[in-house]
Amino acid sequence: MKSTDNVKLEKTQSTQSRSVKGIITSIATREGAGFAVRRPFPTQSLSLVDPFLLLDHMEPVTLAPGAAKGAPDHPHRGFETVTYMLEGHFVHRDSAGNSGVIGPGDVQWMTAGQGVVHSEMPDDELIKNGGRLHGFQIWVNLPSKEKLIAPRYQDIPSERIPIAESEDGKIWVKVIAGQSMGKEAVIDTRTPITFLHAKLKPGAKLVQPISTQYNTFAYVIEGKGFFGNEQIPAETDQLVLFANDGATVSIETGEHQELSVLILAGLPLNEPVARYGPFVMNTQSEIVQALKDYQAGRMGVIN
Ligand code: FE2
């Protein structure tokens, strides 16, 4: 092979669109005090997408007065919880005295680190009068050396999160982490992560550059799209897992259907994962220590 052929070959590989490794349909389950979620992982068919540990989709529902439920006081250690709301408001309070409201389009990126006790509840109005609720929670693992860092919050209101739009108006991307179509996120992540919410009108094609090293998936919030270089179809509540065989991810829509989709990608940690409920560490003995610290009140209490 001539050297110019080599260059050509490398170029083709580096710009190649990834293929699809699998489609996972989420399961219906309950979280916290009993609110319904759709969960593509962790499930029997997919335990994690390193560094992502969990994706919960609080599906769009209209709740009757008194029906809204949340997650009362509970601890976390060793990872980050990311909440992204689309409809309704969640009130957050924690053992360090922080509190806030997460509303439509807002993101809360909480680094639990060594440990927090917090509550995540629908606001009083939603509990009392009922209303719409729709959102996501994603758990992002922390590398071993950062599992016990001090907790940190990034509460980012919707208006501070950059939006990228294609010239023809067919593609809208909210850039929560990483970058897309020339816009860069304001949220700071501990390890390299891309988190996008994309909306595609009919007949659109999004080609998002993502490092080949990043594990990448898309989750269809609503609609139907065609994914990867073989245009594999996926629809509402399905997760599309991409192979690490190209430097771009392509998503397109048919002529008559729109698509709303989350795209998540991250550099894998490649470390052992020991998880028990709200604690995610590297070893079983670290889990036992987390339980002891929580029970002894060393992660604090909510006043
Ligand atoms: Fe939580």
Side-chain angles (χ1 to χ4, degrees), residues 26 29-43 47-49 51-59 68-103 106-124 126-127 133-142 146-156 176-177 187 189-190 193 195 219 262 264 273-281 286-287 289-291 293-295 297-303:
S26 53
T29 184
R30 287 185 183 274
E31 191 43 74
F35 61 90
V37 296
R38 279 271 175 184
R39 179 175 293 167
F41 73 95
T43 52
S47 59
L48 80 171
V49 184
F52 305 103
L53 298 160
L54 169 144
L55 172 61
D56 271 353
H57 180 196
M58 292 176 274
E59 283 203 300
K69 292 188 174 67
D73 307 9
H74 61 280
H76 291 293
R77 171 180 279 182
F79 61 101
E80 301 180 292
T81 64
V82 180
T83 307
Y84 176 39
M85 294 303 293
L86 293 178
E87 293 179 88
H89 294 83
F90 255 70
V91 177
H92 151 269
R93 297 195 318 128
D94 83 356
S95 49
N98 299 300
S99 64
V101 180
I102 314 167
D106 300 345
V107 171
Q108 183 194 64
W109 200 291
M110 183 187 84
T111 307
Q114 66 189 15
V116 290
V117 175
H118 74 166
S119 69
E120 300 155 283
M121 301 297 291
D123 68 356
D124 288 345
L126 192 55
I127 293 173
L133 189 63
H134 186 195
F136 295 89
Q137 189 162 94
I138 295 144
W139 290 9
V140 182
N141 207 358
L142 284 169
E146 296 193 355
K147 281 191 176 291
L148 298 180
I149 59 173
R152 174 174 79 151
Y153 290 87
Q154 296 177 82
D155 277 310
I156 313 294
I176 298 168
I187 288 174
T189 63
R190 304 296 312 186
I193 281 168
F195 178 7
Y219 178 80
L262 298 183
L264 281 126
V273 175
R275 58 200 290 171
Y276 179 78
F279 308 123
V280 183
M281 304 301 290
E286 289 167 348
I287 291 290
Q289 187 61 50
L291 273 163
D293 288 348
Y294 170 55
Q295 281 157 1
R298 285 191 284 268
M299 293 182 194
V301 288
I302 302 178
N303 290 321

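Ligands are counted one by one from 1 in listed order, and the atoms in each one are counted from 1 as well.
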Heavy atoms from other residues, nucleotides or ligands near CG of N98 exceed 12 (cutoff 6.0 Å): yes
Aromatic ring pairing W139/F79, orientation class (parallel under 30°, perpendicular over 60°, tilted between): tilted
Under 2.8 Å from the Fe ion (ligand 1), the protein N, O or S atoms, given as residue and atom: H74 NE2, H76 NE2, H118 NE2, E120 OE1
Parallel, tilted or perpendicular: ring planes of H57 versus H134, cut at 30 and 60 degrees: tilted
Test item: R30 side-chain N/O and F35 main-chain N/O as donor-acceptor pair under 3.5 Å: no
D155 vs D106 side-chain heavy atoms within contact, under 4.5 Å: no
Any residue meeting salt bridge (Lys or Arg N to Asp or Glu O under 4.0 Å) with E146, in chain and number order, not counting sequence neighbours: R190
